[in-house]
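Report on one structure; see the data block that follows.
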Amino acid sequence: MDRSTLSSLHAEHCRALQLSCEAVLRAQGLDTLVLHSGTPQKRTSFDDQFWPLRPSPWFMHWLPLEEPGCHLIIRAGKLPLLLRPQEFDFWEAPHPPASDHFWSSFEVREGSRAALLAEARALSGGRTAFVGDDLAAAEALSLSAAANGAALMRALDVLRVSKSAYEELCLVEANRRAAVGHEELRALFAGGDLPELQLHLSFLRATSQDDSETPYKNIVALGAHAATLHHVSYEKRAQPALSLLVDAGASFAGYCSDITRTWVKGGGAGASAFGALVAQVEALQQRLCGEARVGREYESLHDHAHELIADALRAVGIARCSSAELIESGLTRAFFPHGLGHSLGLTCHDVGCALKAPRAENAWLRNTSTIADRQTFTIEPGVYFIDALLAPFRAGQHATAIDWALCDELTKFGGVRIEDDVVVGKSGLRNLTRELLPQGGGAPGLR
Ligand code: GLY
Ligand code: MN
Ligand code: MN
């Protein structure tokens, strides 16, 4: 990636963020905002081992520095001031930044923790708010009562919805990194039968990530395991399987990708029917991507996904009744229980796009926004064979609506999900994932 482009886009990002934050400060009656980077969390309260720090996303919105105990001070008309403690620790050291493109946008002060804390206290008089997840750090500045106020957090969350050109570039790089891992797993699955744990480790190796650096725990599900939507209890022994669902991403400068691909191999009626289902989901996922545009309610896209999934269930022969009956009975919700997608950015399930609750039947939908310019989100329809959700429909008035013998056969394949990351602009949609991985699923092929 071209460092000078990244650097100039980052500077532009910070200038715009400064102006937006100044408007938030005015609206909230504040003079100063203190953003705390965070404090490493204990792995267990019974030992003194810590997870690597995941800095607060409100801090990372400005800079990708994964160091604990930093304060970033935002004031009107002033360059953001970074107070960066430099203390020798012979037990642990933070990750160095992956790139040095961001320093020129800050006034940086380095020193002992005590000296910088005194400086932060001196700057925190008057109308100051604290944002961060370590409330002891707020207390150290006597800002407990001014920490993470709901109105302020909501205003800051909204600033994370529409991505700057810098953020888009980071999301492109996060997609590029993850794409390498997806290609690797597609080829490994085509070539043999590896256990899920080996596939997970291969993804980490191909993307040069440690497990704790991934934006979320890799979901690697062979066969029936794909019916557990977040399957992370990897099987360690090799078992022949005809399908593989991989939901895995990567990060760059704090920004996440979130990508799912579903592969099917082998002959036989079951693999052929599951292959037909994957092809249907691939087609409808692409159609939904084509229909996302500025001004549309994301929830209406989710509703449309249920209509398309109903049609797909009929096309494959899983359903015998009308699409309307599939939707009205709740059957499409048994096959597709999660939301169509969510905001994406500094967290995998990013903030600012779920400010109102979805309708009751869309309980798991995490994006209820009107799609705005430069909004970034996932589009991830799926169809799964989850016994507990389908069981209530096996008897009763909808019992004949489904070909249960075919369902039982397809249970061995778990399910299909296809997930891309998209940025929607006034001039159209950019699919960051398909630029790198044109195929969402199907036969894995051989390289
Ligand atoms: N990887 C989690 C999700 O797709 O929401
Ligand atoms: Mn997702
Ligand atoms: Mn995902």
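Everything quoted here is computed from the prediction, not taken from an experiment. One-based numbering, in listed order, for ligands and for the atoms of each. In this chain, residues are counted from 1 in sequence order.
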Q: Could you list the residues that satisfy ring pair (Phe, Tyr, Trp, His ring centres under 6.0 Å) with H304, not counting sequence neighbours?
A: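 Applying ring pair (Phe, Tyr, Trp, His ring centres under 6.0 Å) to H304 gives none.
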
Q. From H306 NE2 over to I327 CD1, what is the distance, rounded to the nearest 0.5 angstrom?
A. 8.0 Å

Q: With a 4.0 angstrom cut-off on heavy atoms, strictly below it, pick out the residues next to ligand 1 and order them by chain and number.
A: Y216, H230, D247, D258, H342, H349, E380, E419

Q. Between E168 and R374, is there a salt bridge with N-O shorter than 4.0 Å?
A.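 Yes.
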
Q. According to the interplanar angle, ranging from 0 to 90°, do the rings of Y234 and H200 count as parallel (below 30°), tilted (30 to 60°) or perpendicular (above 60°)?
A.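 Y234 vs H200 ring planes: parallel.
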
(Q) Please list all pairs meeting salt bridge (charged side-chain N to carboxylate O under 4.0 Å, His left out) that have one or both residues in residues 220-231, counting only residues at least two apart or in different chains. (A)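 Non-adjacent pairs meeting salt bridge (charged side-chain N to carboxylate O under 4.0 Å, His left out): zero.
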
If we count only N and O atoms by modelled type, under 3.5 Å, do the side chains of [X] and [Y] hold a donor and an acceptor together?
X    : Y    : answer
Q286 : E282 : no
N148 : D133 : no
Q239 : D193 : no
T260 : D247 : yes

Q) Which protein N, O or S atoms lie under 2.8 Å from the Mn ion (ligand 2), given by chain and residue number? A) D258 OD2, H342 NE2, E380 OE2, E419 OE2

